[in-house]
**Student:** 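Mind having a look at this structure? Questions to follow.
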Amino acid sequence: MKNEHFKIKEVLTLQPVDTEILVKGWVRTKRGNKNVAFVALNDGSTINNLQIVVEVSNFSEDLLKKITTGACIAAQGKIVKSMGQGQSVEMQALEIEVYGECDPEVYPLQKKGHTLEFLREIAHLRPRTNTFGAILRLRHAMSFAIHKYFNDNGFFYLHTPIITGSDAEGAGAMFQVTTLDLKNIPLNPDKSVNYEDDFFGKSTNLTVSGQLEGELGAMALGAIYTFGPTFRAENSNTPRHLAEFWMIEPEVAFYEIKDNMDLAEDFLKYLITYALENCEDDLKFLNEMYDKELIDRLKFVIENDFQRLTYTEGIKILEKADQKFEFPVFWGADLQSEHERYLVEKHFKRPVILTDYPKDIKAFYMKQNDDGKTVRAMDVLFPKIGEIIGGSQREESYEKLTQRVDELGIPQKDLWWYLETRKFGTAPHAGFGLGFERLLLFVSGMANIRDVIPFPRTPKNAEF
RNA sequence: UCCUCCUUAGCUCAGUCGGUUAGAGCAUCUGACUGUUAAUCAGAGGGUCCCAGGUUCAAGUCCUGGAGGGGGAGCCA
């Protein structure tokens with residue numbers, strides 16, 4: 001057998017030729033009769049299978065028995081015009097080698113459909129399903145498109161730290177990082193933990209955001225983005241939260257809130273367009289199997305402007321809404337899921353960018369408006385998944401920023417390096433965070449965030 | 001973390017008022033079929049009824065506690 005093998009994605013585009021080619025992959029199904037067997041082979045290069053036609057008389061019974069759902073094989077043969085419906089070409093097998101048998105009595109994946117809940121329990125095998133093949137290829141394509149978009153637009157990829165000594169990021173509970181012996185933790189006289197002998201000589205955690213360090217990069221490189229893992233130790237049990245997820249955070253010097261909105265909208269539309277143009281087969285499958293409106297919804301989003309309005313305008317609309325809300329609507333209240341959904345799904349029926357939130361419900365670093373009440377925050381709200389992006393113009397004034405830090409009781413000494421950017425050549429700047437898995441939820445039409453990441457980490461679940 | 005629903009064959013589920021030997025479809029296996037498309041047809045095998053207690057002559061079914069999962073909410077991306 002020759003060593004070079006073709007990807008099935010390529011083979012399916014070939015015209016029938018007289019030369020033999022070699023393919024390698026995993027068997028999805030085998031069916032047929034005494035004379036001929038049809039093996040559907042998938043190698044992950046595409047959602048589509050290559051049909052391998054096996055003349056039973058040309059192969060030993062022992063070999064044919066080993067070709068079962070899940071088995072890994074190599075097949076060599078000629079590509080011919082298919083006599084059956086459903087595919088234009090197929091392989092007439094001349095030689096087959098079985099790399100790995102797969103006992104059908106115990107292999108959990110069957111020819112029939114499985115629930116997503118069951119597949120989560122076998123996350124080591126679910127990449128072999130049509131659904132997760134499609135999701136993982138889509139995930140790759142979106143990752144690539146993110147880097148391409150930023151690279152093509154003059155952004156630099158900045159690697160912000162995963163282990164952070166800063167506990168002032170204020171974006172939720174953090175996972176501690178320590179090498180201290182948990183059975184014998186050194187204590188100070190006041191019973192607090194003494195971190196002097198810990199690896200870093202201080203308390204450290206996994207990052208909840210690369211933003212603060214991202215701002216440092218933007219103050220030198222002009223436009224940066226981060227794209228890395230992010231960790232939140234919140235006990236969140238929802239279809240929209242993970243303890244370990246990937247986040248994209250652009251940060252741009254000389255951007256104001258309007259530029260930030262333009263960037264967010266253009267970026268999201270670029271990514272969705274990229275998916276439609278490069279992942280057609282996978283999206284068609286997801287559209288057919290999970291969400292019949294998926295492709296129409298993706299097209300709608302790229303063809304229409306996002307609705308932009310201020311928090312204050314949003315509150316007015318909600319106050320006039322002919323709908324009872326569980327949570328009261330008033331100026332100063334944080335918007336609940338039901339409020340966001342009303343604006344996006346009922347009132348405007350399109351993505352919404354809300355800006356200028358009350359300062360008391362937003363983070364310390366956001367630029368304060370002249371009204372003294374609001375800050376230049378920006379949330380991008382999408383149908384079905386809610387908040388997909390959260391960002392803001394940043395407060396560039398040293399005086400205003402330190403005053404806000406003091407008001408909130410954050411120790412300035414913990415943020416000395418961040419505050420110095422406002423002391424030394426400060427500049428207006430803005431940025432946002434995009435949850436990568438939330439983007440994938442939207443682009444794939446999946447309903448649960450655990451189904452758009454290969455190995456989800458959630459409370460009480462770190463298997464695989 | 002709160003509310004709510006669920007857990008029975010490999011998978012998806014049914015199981016009446018607490019009653020005698022726990023069922024179906026699919027999957028698997030065996031057989032049939034000269035080109036199938038989640039092939040079809042016939043037959044067979046397959047059960048810790050989530051776990052631990054309790055009530056009862058009798059528990060898959062009722063009660064208590066626990067574990068795991070789904071949906072909703074909060075936190076957020």
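As the structure is a prediction and not an experimental result, all values here were calculated from the model. Naming: A, B, ... by sequence-line order, numbering from 1 per chain.
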**Student:** So which of Phe156(A), Phe267(A), Tyr157(A) actually passes ring pair (Phe, Tyr, Trp, His ring centres under 6.0 Å) with Phe150(A)?
**Tutor:**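 Only one option passes, and that is Phe267(A).
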**Student:** Applying a 3.5 Å limit to both distances, which nucleotide forms a Watson-Crick or G-U wobble pair with U64(B)?
**Tutor:**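 Answer to the pairing question: A52(B), which forms a Watson-Crick or G-U pair with U64(B).
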**Student:** Starting at the 5' end of RNA chain B and moving along, which residue's nearest nucleotide shows up first, Lys30(A) or Thr115(A)?
**Tutor:**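 The residue closer to the strand's 5' end, by nearest nucleotide, is Thr115(A).
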**Student:** Identify the residue among Phe227(A), Phe245(A), Trp246(A) that makes a ring pair (Phe, Tyr, Trp, His ring centres under 6.0 Å) with Phe436(A).
**Tutor:**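 When ring pair (Phe, Tyr, Trp, His ring centres under 6.0 Å) is applied between Phe436(A) and each of Phe227(A), Phe245(A), Trp246(A), only Phe227(A) qualifies.
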**Student:** When rounded to the nearest Å, what value does the distance between C1' atoms of G45(B) and C50(B) take?
**Tutor:**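 So the two C1' atoms sit 25 Å from each other.
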**Student:** Mark yes or no for a side-chain to base donor-acceptor pair under 3.5 Å between His241(A) and C76(B), with no hydrogen or angle criteria applied.
**Tutor:**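 It does, because a donor-acceptor pair links the side chain of His241(A) to the base of C76(B) below 3.5 Å.
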**Student:** Choose from G70(B), A73(B), A77(B) the nucleotide whose nearest atom is closest to any side-chain atom of Phe327(A).
**Tutor:**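 Of G70(B), A73(B), A77(B), A73(B) is nearest to the side chain of Phe327(A).
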**Student:** What's the closest nucleotide to the side chain of Ser337(A) if the choices are G35(B), C76(B), U28(B)?
**Tutor:**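 Side chain of Ser337(A) sits closest to C76(B).
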**Student:** Could you please name the partner base of C26(B), counting Watson-Crick and G-U wobble pairs only when both distances are under 3.5 Å?
**Tutor:**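 For C26(B), the partner nucleotide comes out as G10(B), under the 3.5 Å rule.
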**Student:** May I ask which nucleotide in the shown strands pairs with C2(B), Watson-Crick or G-U wobble, both distances under 3.5 Å?
**Tutor:**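 Partner of C2(B): G72(B).
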**Student:** Can you check the Leu119(A) CG to G69(B) P distance for me, whole Å?
**Tutor:**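 Answer to the nearest Å: 15 Å.
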**Student:** Compare the minimum distances between each of U28(B), A73(B), C11(B) and the side chain of Phe118(A), then state the nucleotide with the smallest one.
**Tutor:**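 Shortest atom-to-atom distance from the side chain points to C11(B).
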**Student:** Would you kindly give the CD-to-C1' distance between Glu61(A) and G31(B), to the nearest whole Å?
**Tutor:**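 Roughly 13 Å, once rounded to whole Å.
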**Student:** Measuring from atom CG of Asp305(A) to atom CZ of Arg350(A), what distance do you get when rounded to the nearest 0.5 angstrom?
**Tutor:**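 Rounded to the nearest 0.5 Å, the CG-CZ separation comes out at 7.0 Å.
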**Student:** Is there a donor N/O on one and an acceptor N/O on the other, under 3.5 Å, for the side chain of Asn33(A) and the base of U36(B)?
**Tutor:**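 No such pair is found, so the answer is no.
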**Student:** For a quick test of reading the model: is some side-chain N or O of Arg450(A) closer than 4.0 Å to OP1 or OP2 of G70(B)?
**Tutor:**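 The answer is yes; a side-chain N or O of Arg450(A) sits under 4.0 Å from OP1 or OP2.
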**Student:** In whole Å, measure the gap between the C1' atoms of A22(B) and A59(B) for me.
**Tutor:**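 Approximately 13 Å lies between the C1' atom of A22(B) and that of A59(B).
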**Student:** Between atom CD in Glu326(A) and atom C1' in U4(B), what is the gap in whole Å?
**Tutor:**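 Taking atom C1' of U4(B) as the reference, CD of Glu326(A) is at 13 Å.
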**Student:** Indicate whether any N or O donor in one side chain lies under 3.5 Å from an N or O acceptor in the other, for Ser209(A) and Glu249(A).
**Tutor:**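 Yes - a donor-acceptor pair under 3.5 Å links their side chains.
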**Student:** Between G68(B) and Glu117(A), counting only base atoms on the nucleotide and side-chain atoms on the residue, is there a donor-acceptor pair under 3.5 Å?
**Tutor:**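 No, the side chain and the base share no sub-3.5 Å donor-acceptor pair.
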**Student:** Taking A42(B) as the reference, what is the distance to A24(B) when you measure between their P atoms (whole Å, please)?
**Tutor:**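 Pairwise P distance, A24(B) against A42(B), rounds to 14 Å.
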**Student:** With a 3.5 Å cut-off and just heavy-atom distances, do the side chain of Gln51(A) and the base of U36(B) make a donor-acceptor pair?
**Tutor:**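 Side chain to base: pair present.
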**Student:** Taking atom P in both U21(B) and G60(B), compute the distance separating them and give it to the nearest angstrom.
**Tutor:**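 Their P atoms lie roughly 11 Å apart.
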**Student:** Roughly how many Å is it from CG in Asn461(A) to P in G68(B), rounded to a whole number?
**Tutor:**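 For the pair Asn461(A) CG and G68(B) P, the rounded distance is 10 Å.
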**Student:** Could you tell me the separation between the CE atom of Met378(A) and the C1' atom of C76(B), rounded to a whole number of Å?
**Tutor:**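 One finds 15 Å between C1' of C76(B) and CE of Met378(A), rounded.
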**Student:** NA contact type, Phe245(A), heavy-atom cut-off 4.0 Å: base, sugar-phosphate, or nothing?
**Tutor:**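 Contact class for Phe245(A): base.
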**Student:** Would you say Trp331(A) and Thr312(A) are linked by a side-chain donor-acceptor pair, where the criterion is simply a distance under 3.5 Å?
**Tutor:**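 On atom types as modelled, these side chains qualify, holding a pair under 3.5 Å.
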**Student:** Would you mind telling me which of A77(B), C75(B), G71(B) lies closest to the side-chain atoms of Gln336(A)?
**Tutor:**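 My answer, after comparing the listed nucleotides, is C75(B).
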**Student:** Once you apply a heavy-atom cut-off of 4.0 Å, does Met83(A) come out as touching a base, just sugar-phosphate, or nothing?
**Tutor:**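 Base contact.
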**Student:** Give a yes-or-no answer on whether the side chains of Ser45(A) and Asp43(A) include a donor-acceptor pair shorter than 3.5 Å.
**Tutor:**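 Result is yes, a qualifying pair exists.
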**Student:** Any N or O donor-acceptor pair under 3.5 Å from the base of C75(B) to the side chain of Ser236(A)?
**Tutor:**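 Indeed there is one.
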**Student:** Just compare A73(B), G35(B), A32(B) and give me whichever is closest to any side-chain atom of Ser82(A).
**Tutor:**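 Of the options given, the side chain of Ser82(A) lies nearest G35(B).
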**Student:** Is there a donor-acceptor contact under 3.5 Å linking the side chains of Tyr255(A) and Asp262(A)?
**Tutor:**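 There is no such pair between these side chains.
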**Student:** In whole angstrom, what separates Ile361(A)'s CD1 from G74(B)'s P?
**Tutor:**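 Answer to the nearest Å: 14 Å.
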**Student:** Give a yes/no on whether any side-chain N or O of Lys111(A) is located under 4.0 angstrom from OP1 or OP2 of C26(B).
**Tutor:**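 For C26(B), OP1/OP2 do not have a side-chain N/O of Lys111(A) under 4.0 Å.
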**Student:** For Gln85(A), which contact category applies under a 4.0 Å heavy-atom criterion: base, sugar-phosphate, or nothing?
**Tutor:**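 Here Gln85(A) touches the bases of the nucleic acid.
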**Student:** With a non-hydrogen cut-off below 4.0 angstrom, is Ile389(A) in contact with a base, only sugar-phosphate, or nothing?
**Tutor:**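 Sugar-phosphate contact only - Ile389(A) comes under 4.0 Å of backbone atoms but never of a base.
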**Student:** Would the distance check show the side chain of Asn42(A) and the main-chain N or O of Trp26(A) forming a donor-acceptor pair, the cut-off being under 3.5 Å?
**Tutor:**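 Looks like no, no N/O pair under 3.5 Å.
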**Student:** Using atom P in both nucleotides, what's the gap between U55(B) and A67(B) to the nearest angstrom?
**Tutor:**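 Those two atoms are separated by 24 Å.
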**Student:** For atom P, what is the distance between U48(B) and G65(B), given to the nearest Å?
**Tutor:**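 U48(B) and G65(B) have their P atoms separated by 27 Å.
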**Student:** What residue among Met366(A), Glu256(A), Lys359(A) forms side-chain contact (heavy atoms from CB on, under 4.5 Å) with Arg376(A)?
**Tutor:**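 Answer after filtering Met366(A), Glu256(A), Lys359(A): Glu256(A).
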**Student:** Quick one: which of C75(B), U34(B), A32(B) gets closest to the side chain of Glu234(A)?
**Tutor:**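 Selected nucleotide: C75(B).
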**Student:** Of the nucleotides A73(B), G35(B), C76(B), which has the atom closest to the Asn237(A) side chain?
**Tutor:**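 The answer is A73(B).
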**Student:** To the nearest Å, give me how far apart NE2 (His114(A)) and P (C26(B)) are.
**Tutor:**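 These atoms are roughly 15 Å apart.
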**Student:** When you measure from the side chain of Asn448(A), which nucleotide among G35(B), C76(B), G71(B) comes out closest?
**Tutor:**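 Of G35(B), C76(B), G71(B), G71(B) is nearest to the side chain of Asn448(A).
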**Student:** Would you kindly give the OH-to-C1' distance between Tyr357(A) and C76(B), to the nearest whole Å?
**Tutor:**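 These atoms are roughly 12 Å apart.
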**Student:** For Thr68(A) and for Arg438(A), find the nucleotide of RNA chain B with the closest heavy atom, then tell me which residue's nucleotide is more 5'.
**Tutor:**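 Mapping each residue to its closest nucleotide by heavy atoms, the 5'-most match is Thr68(A).
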**Student:** Please give the distance between the C1' atoms of A44(B) and C49(B) as a whole number of Å.
**Tutor:**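 Rounded to whole Å, the distance is 23 Å.
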**Student:** Pairing check on A59(B): which nucleotide meets the Watson-Crick or G-U wobble criteria with it, both distances under 3.5 Å?
**Tutor:**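 In the structure as shown, A59(B) has no Watson-Crick or wobble partner.
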**Student:** Could you tell me whether the phosphate oxygens of G70(B), OP1 or OP2, come under 4.0 Å of any side-chain nitrogen or oxygen in Arg120(A)?
**Tutor:**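 So the side chain of Arg120(A) is within the cut-off, an N or O lying under 4.0 Å from OP1 or OP2 of G70(B).
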**Student:** Would you say the side-chain atoms of Tyr365(A) and Gln211(A) include a donor-acceptor pair closer than 3.5 Å?
**Tutor:**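 Looking only at side-chain atoms, Gln211(A) and Tyr365(A) do form a donor-acceptor pair, the distance falling under 3.5 Å.
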**Student:** Between the base of A38(B) and the side chain of Arg31(A), is there any donor-acceptor pair under 3.5 Å?
**Tutor:**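 No such pair is found, so the answer is no.
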**Student:** Identify whether any heavy atom of Glu55(A) sits under 4.0 Å from a base atom; if not, whether one sits that close to sugar-phosphate; answer base, sugar-phosphate or nothing.
**Tutor:**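 Contact class for Glu55(A): none.
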**Student:** How is Gly32(A) classified with respect to the nucleic acid when contacts are heavy atoms under 4.0 Å: base, sugar-phosphate, or nothing?
**Tutor:**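 Since a base atom lies under 4.0 Å of Gly32(A), the category is base.
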**Student:** Using the C1' atom as the point on both nucleotides, what is the distance between G70(B) and U12(B), in whole Å?
**Tutor:**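 Taking atom C1' in both U12(B) and G70(B), they lie 15 Å apart.
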**Student:** Just to be sure I understand the rule, does Leu242(A) reach a base, reach only the sugar-phosphate, or reach nothing, if contact means heavy atoms closer than 4.0 Å?
**Tutor:**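 Base, at least one base atom sits under 4.0 Å.
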**Student:** Side chain of Gln110(A) only, heavy atoms from C-beta on: which candidate in G35(B), C11(B), U34(B) is closest?
**Tutor:**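 Looking only at side-chain atoms, Gln110(A) lies closest to C11(B).
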**Student:** Answer with base, sugar-phosphate or nothing: what part of the nucleic acid does Thr230(A) contact at a heavy-atom distance below 4.0 Å?
**Tutor:**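 The residue Thr230(A) makes no contact with any strand.
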**Student:** Partner lookup for U21(B), please. Criteria are Watson-Crick or G-U wobble with both distances under 3.5 angstrom; report none if nothing qualifies.
**Tutor:**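 Matched U21(B) with nothing under the 3.5 Å cut-off.
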